[in-house]
Amino acid sequence: MLFLLISCFSFIFFFKSFSFKPMKSEGKMMLLGPWFWEGFSRFLVSWFNKGRFAVSMFQVPLKMPPTKVNLCSKVQEVVEEEGEGPSLLDLPELALECILERLSPAELCSMAGVCNSLRDRCRSDHLWEKHLKHKWGRVICEAACKEWQCHIASRKRPSFLDQRNQKGFFGSLVSMWPFSWYKPQCESRNKPTTCLPVDSIMALYLSLESGKFWFPAQVFNRENGHVGFMLSCYDAQLSYDSKTDTFQARYSPFARRAIEESIHWDRLRAPPVETPAHVLHTSDCLNDLKPGDHIEIQWRRSKEFPYGWWYAVVGHQELCDGNENRCRCRYSDTVILEFSQYTPGSRWRRTIVNRKDHREVGNEADGFYGGIRKLYKEEEISKWKQLWPKQIFD
C-alpha cells in the first residue's frame, strides 16, 4: 500500500511540475512536449516490469535536463542497461516440451505460476496423465472416473449466486446490495483462464492429493487385519492424506466399523470387476474350475450387508485321493472351495457351490456366498499370498 501511495504522489508531482510550469532555457520560455511523456512512460514501464519501480522514482532528478536530446539519451540508456536476458519461452518448442515432461507435479505447479504462457502449458492433460497413472493408476478404476465426472457436473451446476446474470426476482435480488460486492474468485478476474478447469487431469490429480475427492476402491484385510476379515477385500470410499501418505476409508453404513484410518498403499486395489458391492456377481468361470485354481468369492454376513471378496482355492471332492491321473473333480456338478486360513474342521474351512446353477447360497448363521471370479494373473495370486496370516484361525 505504501509503495502505491508513493508511486501515485510521485507521478502527480512530476506531472504538475513539468506540465504547467515554464522552464528557462537560454533565455527562452518553453513547455514540455509529447516527446517527454513518451520517453517518461517507457521509462516507468521498464522499471516497473523489473520490480524496481519504487527505487527508480527516487533516482529520477527533480530538475529537467537543459535540452531535449539529453533527456532522451538518459531514458534510452536506462532502458538499454536494464534489458531482459534470454527467456525459457525462447527455447524451441520440442526442447521446452522435454523440460516440462521431466518436471514433478510440484514443479509443474510452481512453473504454472510464472506467466500465462507457461501456465497453460503446465496444465496440459498429456503432462498430468503420466503423473496420474504413475501414482494413482493401481487404485483408480472406471468407477472412480465416473464418480469424478459426477463431481465435475455438480461443480458446474449454477449456484444461487450464479443467478445474478439471469432474469427474474432472484437474479435481481442477488445483484442488489449487499450481494453485489461478492464475486467468485474466477469471475472477479478479467481472464477466466486463470482458474484451473475442473475437468482437467491436473484438477483430478490435485483433488486426489489434497484428499478432497473421495474415490471408490477396495481395501484388503479391513479393520487393520481383524480376524473376522482376514484374506478379504471390501469396497470403500477413500481419501488420501499426503502428510502421512496413508488413506482414510469409509465403509458401508451397515458395517460394524464405518471408518478406518492409516491405511497404507499395499492394502488397496482398484475393483477388478464393475459389480457393485450389493449386487450378485455373474459367475462365468464355473465350468473351468478345477482343483488348485485360485478364486475370489463374494460373501456377506447377512442380506443387509454388502459383499466382500474372499480368497479361496478349489479343492478335491471327498472321495478323491488327489492323484492327478485319477482325479475327476473337474467333471463334478459341485465345486469344493477351501479357505485354508482356517483350521481343518472349522465351519469356515470349506463350502460347496453348484457348478451348473450357482446362486447365492447360505444362511444367517454361516453367511451368504455369492458370485465367483477365477484368478488368472499371477500378480493377483501373489498379492493374496503376501497377505497370508502368520497363523491359522478357528
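Just the heavy atoms: all of them, side chains too, but no hydrogens, waters or symmetry mates, feed the values below.
Cluster membership for Ile140 and Ile152, using ILVMFWY side-chain heavy atoms within less than 4.5 angstrom, is shared. With hydrophobic clusters built from ILVMFWY side chains whose heavy atoms lie under 4.5 angstrom apart, Ile352 does not share a cluster with Val314. Follow the hydrophobic side-chain contacts under 4.5 Å out from Leu204 and you reach Leu268 in the same cluster. Hydrophobic clustering places Leu238 together with Trp148 (ILVMFWY residues linked when any side-chain heavy atoms are closer than 4.5 Å, directly or through intermediates). The same ILVMFWY cluster, assembled from side-chain heavy atoms under 4.5 Å apart, contains both Val361 and Ile297.
A salt bridge does not link Glu142 with Lys146: none of the charged nitrogens is closer than 4.0 Å to a carboxylate oxygen. Salt bridge annotation for Glu93-Arg121: present, with a cationic side-chain nitrogen under 4.0 angstrom from a carboxylate oxygen. For the pair Asp293 and Lys374, the salt-bridge criterion is met [side-chain N within less than 4.0 Å of a carboxylate O]. Between Lys385 and Glu380, none of the side-chain N atoms (NZ, or NE/NH1/NH2) sits under 4.0 Å from a carboxylate O, so this pair counts as no salt bridge. The existence of a salt bridge linking Arg359 and Asp357 is confirmed by a sub-4.0 Å separation between a basic side-chain nitrogen and an acidic carboxylate oxygen. The pair Glu296-Arg269 meets the salt-bridge criterion, since a charged nitrogen lies less than 4.0 angstrom from a carboxylate oxygen. At a threshold of 4.0 Å, the pair Arg250-Glu260 does not count as salt-bridged, since none of the basic side-chain nitrogens sits closer than that to a carboxylate oxygen.
For Trp309 and His281, the ring centers sit closer than 6.0 Å to each other.
A distance of 8.5 Å separates CD of Glu261 from OG1 of Thr246, quoted to the nearest 0.5 Å. Annotation: the span from Leu289 atom CG to Arg355 atom CZ amounts to 6.0 Å, rounded to 0.5 Å. Atom CD1 of Ile201 is separated from atom CG of Leu127 by 10.0 Å, given to the nearest 0.5 angstrom. The CG atom of Leu108 lies 5.0 Å from the SG atom of Cys122; values are rounded to the nearest 0.5 Å. We find the OH-CZ distance between Tyr205 and Phe213 to be 15.0 Å, quoted to the nearest 0.5 Å. Once rounded to the nearest 0.5 Å, the distance linking CD1 of Ile295 with CD of Glu338 reads 11.0 Å.
Taking each heavy atom of Glu107 and Arg102 in turn, the nearest pair found is OE1-O, 4.3 Å. Across Ile336 and Gln317, no two heavy atoms sit closer than the pair CG1-NE2, 3.8 Å. Gly315 approaches Pro291 most closely through the heavy-atom pair O-CG, 3.8 Å. Scanning both residues, Leu280 and Gly371, for their nearest heavy atoms gives CD1-N, 3.3 Å. In terms of heavy atoms, Leu375 sits closest to Trp384 at CD1-CD1, 3.8 Å. Summarising the geometry of Asp235 relative to Pro271, their closest heavy-atom pair is OD2-CG, 4.4 Å, with the distance given to 0.1 Å.
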Going through the checks in order, is the salt bridge (charged side-chain N to carboxylate O under 4.0 Å, His left out) test met by Glu379 and Arg138? CA-CA 12 Å; Glu379 180 182 357; Arg138 57 195 175 99; over 6 Å; no
Starting from the C-alpha separation in whole Å, work towards a yes-or-no answer on side chain to side chain contact (heavy atoms under 4.5 Å, CB included) for Glu274 and Cys141. CA-CA 9 Å; Glu274 297 183 2; Cys141 62; over 6 Å; no
Between Lys135 and Glu209, is the salt bridge (charged side-chain N to carboxylate O under 4.0 Å, His left out) condition met? List the steps. CA-CA 10 Å; Lys135 182 170 184 177; Glu209 286 285 326; 2.6 Å; yes
Show, in sequence, the C-alpha distance, side-chain angles and deciding distance for Ile372 and Leu337, and conclude whether the side chain to side chain contact (heavy atoms under 4.5 Å, CB included) test is met. CA-CA 10 Å; Ile372 298 174; Leu337 302 180; 4.0 Å; yes
Salt bridge (charged side-chain N to carboxylate O under 4.0 Å, His left out) for Glu129 and Lys133? Distances and angles first, verdict last. CA-CA 6 Å; Glu129 185 176 5; Lys133 289 182 178 180; 3.4 Å; yes
Before you tell me yes or no, could you show the steps for Glu360 and Arg300 under salt bridge (charged side-chain N to carboxylate O under 4.0 Å, His left out), namely the whole-Å CA-CA distance, both residues' side-chain angles and the distance that decides it to 0.1 Å? CA-CA 10 Å; Glu360 184 183 57; Arg300 57 182 175 180; 3.0 Å; yes
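The closest side-chain heavy-atom distance from Ile259 to Gln248 is below 4.5 Å. Side-chain atoms of Leu231 and Phe339, non-hydrogen and from C-beta on, never get closer than 4.5 Å to each other.
The cationic atom of Arg267 (NZ for Lys, CZ for Arg) does not lie both less than 6.0 Å from the six-membered ring centre of Phe220 and within 45° of the ring axis.
A donor-acceptor contact closer than 3.5 angstrom links the side chains of Ser302 and Glu304. If you check the side chains of Tyr311 and His294, you find a donor sitting under 3.5 Å from an acceptor.
The aromatic rings of Trp348 and Trp299 lie perpendicular to each other, with more than 60° between the two planes, well past the 30° mark. Ring-plane geometry between Phe247 and Tyr240 is classed as tilted, the angle between the planes lying from 30 to 60 degrees on a 0 to 90 degree scale. Ring orientation note: the planes of Tyr234 and Trp310 are nearly perpendicular, at an angle over 60° on the 30°/60° scale.
Partners of Asp266 under the salt bridge (charged side-chain N to carboxylate O under 4.0 Å, His left out) rule, at least two apart in sequence or in another chain, do not exist in this structure.
Between the Ser332 side chain and the Arg328 main chain, no donor and acceptor come within less than 3.5 Å of each other.
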